[in-house]
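The structure appears right after this line, and notes come after that.
In what follows, every chain begins at residue 1, and chains take the letters A, B, ... in the order their sequences are listed. Just so you know, these numbers come straight off a predicted model, no measurement behind them.
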Number of protein chains: 2
Amino acid sequence: MEAKPKIPRPTVKRLSLYLREVGLLAAAGRRTVSSKQLGSALGLTGAQVRKDLAFFGQLGHPGIGYEITRLHAHLRQVLGRDRTWNAALVGVGNIGRALLAYQRFAQEDFHITAVFDSSDRAIGQEYGGRAVHGMDDMPALVRQHEIKLGILAVPADSAQHVADLLIEAGVTGILNFAPRRLDVGDTISVTSVDFTLALEQLAFQVSAGLTGSFVDTND
Amino acid sequence: MEAKPKIPRPTVKRLSLYLREVGLLAAAGRRTVSSKQLGSALGLTGAQVRKDLAFFGQLGHPGIGYEITRLHAHLRQVLGRDRTWNAALVGVGNIGRALLAYQRFAQEDFHITAVFDSSDRAIGQEYGGRAVHGMDDMPALVRQHEIKLGILAVPADSAQHVADLLIEAGVTGILNFAPRRLDVGDTISVTSVDFTLALEQLAFQVSAGLTGSFVDTND
DNA sequence: TTTTGTGAAACGCTTCACAGCG
DNA sequence: CGCTGTGAAGCGTTTCACAAAA
């Protein structure tokens, strides 16, 4: 057996932020960063950054900092970003269509390669050059495109049902935009994005006169 | 001085979930819920639910559970949902337009009452019956509509600048859809929704073969 | 009996502080 | 010196377990 370090969830979230920031630094031609510099760009302490990066063993150089290209490659690999991901989108309502048009996903090598909807009015339509398929086509297309990720942009009522369909079709990770907890097996991962919850958290903070910011994204 | 209990942030997030669930139960005509029932609907333990609700003092009845109408009213009040919120949307790109068309915000008494964009092509257009204003109109409209919440749906490059404009106009809470940390004063609250971060977290979990779900929303 | 409210224990993450390397 | 990696301390949250109320 191996020593599996088991990265804490808060750390994983920050790793994504590090990757983003390091990508910018790389593009700017920088050679190295210290934990302190990287941290202050993201509102974190140097110690926090070092602890996070130390999960992968000796990665930085005392007195120097972290070599940007090396760190960048390492983070990409750890986060599974050293490859392209195909995703299936279900639901071409307001949110679904916005995601189809959203440039950043493609930029980051997440490709929506199949689109589904249950409405007869939607099926057969095209959005951004991608045809909308009926749910029946899901198993075949998911297999064909080797899709591992499903993006759920359907109403709350049908979220669980559609999640079940996606899983049955072979998807192992679901990005859920519906304001509903999904019940999935132990082998499936779910990350949720809940606009209304986010707004509500904000309203609480404002009405409580609370200070300070409160970043998040999914949990 | 008063005993201010200071509710932990993880608890606040769950309070929103309780409110949602209790709303459904109320609509279904149920009279009471136990902490265990409420918890299992949301994937939480009874103890967790009780601890959360105990912040407001004796609210449930041993042997019975929690009275739904009372709990509902209480949660609404605590979360600042016993009133209507006006919000300003900035940015009518893909995400901004999806939010304008998103029914649920209005359903939950969050009203987008002013819409802004910096592009000359967008200004003057109408979306869902709401005219797009230039940034110059922001201070006047924010004051006029008594807007406290700003929704930031602009590119990452301009997010900080627009946030500054919103704050100067009088907004005290910002819902940020840009993949950027916002630097704001201590008196302003920020909640972020970051699609790409969410997708990336999911990709990590899937590629790590990790099990289990991972709900979130903003952090 | 059922179910709450709550101290106490357990857990996980962050912060501190410093030895050691370049 | 500057900066990393890390044990140890500190802090906040969750889980446990049980006395008390209906």
Side-chain angles (χ1 to χ4, degrees), chain A residues 3-18 22 25 30-68 70-71 74-75 78 201 210 212-216 219, chain B residues 3-18 22 25 30-68 70-71 74-75 78 201 210 212-216 219:
Chain A
K4 263 229 236 155
K6 239 221 204 164
I7 304 172
R9 276 218 275 253
T11 295
V12 178
K13 209 180 287 184
R14 287 190 298 268
L15 291 180
S16 283
L17 300 176
Y18 300 151
V22 168
L25 293 172
R30 286 277 302 275
R31 291 278 320 282
T32 62
V33 232
S34 71
S35 60
K36 196 171 178 197
Q37 292 169 334
L38 189 49
S40 77
L42 297 164
L44 305 168
T45 68
Q48 178 86 83
V49 174
R50 291 199 299 279
K51 261 269 148 75
D52 288 340
L53 297 181
F55 277 98
F56 318 119
Q58 210 81 3
L59 202 55
H61 306 281
I64 309 285
Y66 299 85
E67 207 190 315
I68 288 186
R70 175 145 181 252
L71 182 54
H74 213 286
L75 288 171
V78 168
Q201 297 293 304
L210 276 180
S213 75
F214 175 26
V215 182
D216 207 314
D219 268 75
Chain B
K4 263 231 238 154
K6 240 222 203 164
I7 304 173
R9 278 219 270 255
T11 295
V12 177
K13 207 180 286 186
R14 287 189 299 268
L15 291 180
S16 284
L17 300 176
Y18 301 151
V22 167
L25 293 172
R30 285 279 302 276
R31 292 277 318 286
T32 61
V33 231
S34 71
S35 60
K36 195 168 177 198
Q37 293 169 331
L38 190 49
S40 76
L42 297 165
L44 305 168
T45 68
Q48 178 86 85
V49 174
R50 291 199 299 281
K51 260 270 147 76
D52 287 341
L53 298 180
F55 277 98
F56 318 119
Q58 210 81 3
L59 203 55
H61 305 283
I64 310 285
Y66 298 85
E67 206 188 317
I68 289 186
R70 176 146 179 252
L71 182 54
H74 213 284
L75 287 170
V78 168
Q201 297 293 304
L210 274 181
S213 73
F214 175 25
V215 181
D216 207 313
D219 269 75

Measure the distance from [atom1] on [X] to [atom2] on [N] and round it to the nearest whole Å.
X: Arg9(A); N: dT13(D); atom1: CZ; atom2: P; answer: 17 Å
X: Ile68(A); N: dC3(D); atom1: CD1; atom2: P; answer: 14 Å
X: Gln48(A); N: dC13(C); atom1: CD; atom2: P; answer: 11 Å
X: Ile7(A); N: dG12(C); atom1: CD1; atom2: C1'; answer: 15 Å
X: Asp52(A); N: dC13(C); atom1: CG; atom2: C1'; answer: 10 Å
X: Lys13(A); N: dC13(C); atom1: NZ; atom2: P; answer: 12 Å
X: Arg14(B); N: dT13(D); atom1: CZ; atom2: C1'; answer: 8 Å
X: Leu42(B); N: dT14(D); atom1: CG; atom2: P; answer: 14 Å

Handout entry: Spacing of CG belonging to Asp52(B) relative to OG1 belonging to Thr11(B), to within rounding of 0.5 Å
Key =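 Between Asp52(B) CG and Thr11(B) OG1, I get 4.0 Å after rounding to 0.5 Å.
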
I'd like a table of atom pairs between the protein and nucleotides 3-9 of chain C - only N or O on both sides, under 3.5 Å - with the distance next to each one.
residue: dT3(C); atom: O4'; partner: Gly63(B); partner atom: N; Å: 3.1
residue: dT3(C); atom: O2; partner: Gly63(B); partner atom: N; Å: 3.3
residue: dT4(C); atom: OP1; partner: Ser35(B); partner atom: N; Å: 2.5
residue: dT4(C); atom: OP2; partner: Ser35(B); partner atom: OG; Å: 2.6
residue: dG5(C); atom: OP1; partner: Leu59(B); partner atom: N; Å: 3.0
residue: dG5(C); atom: OP1; partner: Gly60(B); partner atom: N; Å: 2.9
residue: dG5(C); atom: OP2; partner: Tyr66(B); partner atom: OH; Å: 2.6
residue: dG5(C); atom: N7; partner: Arg50(B); partner atom: NE; Å: 2.8
residue: dG5(C); atom: O6; partner: Arg50(B); partner atom: NH2; Å: 3.0
residue: dG7(C); atom: O6; partner: Lys51(B); partner atom: NZ; Å: 3.0
residue: dA8(C); atom: N6; partner: Lys51(B); partner atom: NZ; Å: 3.4

Handout entry: Under the side chain to side chain contact (heavy atoms under 4.5 Å, CB included) test, residues paired with Leu25(B) that sit two or more places apart
Key =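 Counting only residues at least two positions away or on another chain, Leu25(B) forms a side chain to side chain contact (heavy atoms under 4.5 Å, CB included) with Arg30(B), Val33(B), Ile68(B).
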
Practice task
Keeping to residues at least two apart or across chains, list the ring pair (Phe, Tyr, Trp, His ring centres under 6.0 Å) pairs with something in residues 33-52 of chain A.
Solution key: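 The answer is none; no pair qualifies.
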
Exercise for the section: Return yes if some donor-acceptor pair links the side-chain N/O of Gln37(A) with the main-chain N/O of Ser34(A) below 3.5 Å, else return no. Expected result: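 Yes, Gln37(A) side chain to Ser34(A) backbone: donor-acceptor pair under 3.5 Å.
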
Exercise for the section: With the side chain counted from C-beta on, respond yes when Phe56(B) and Ile7(B) share a heavy-atom pair under 4.5 Å apart, and no when they do not. Expected result: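 Touching, per the 4.5 Å side-chain cut-off.
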
Handout entry: Val12(B) and Phe55(B), any side-chain heavy atoms less than 4.5 Å apart
Key =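 Not touching, per the 4.5 Å side-chain cut-off.
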
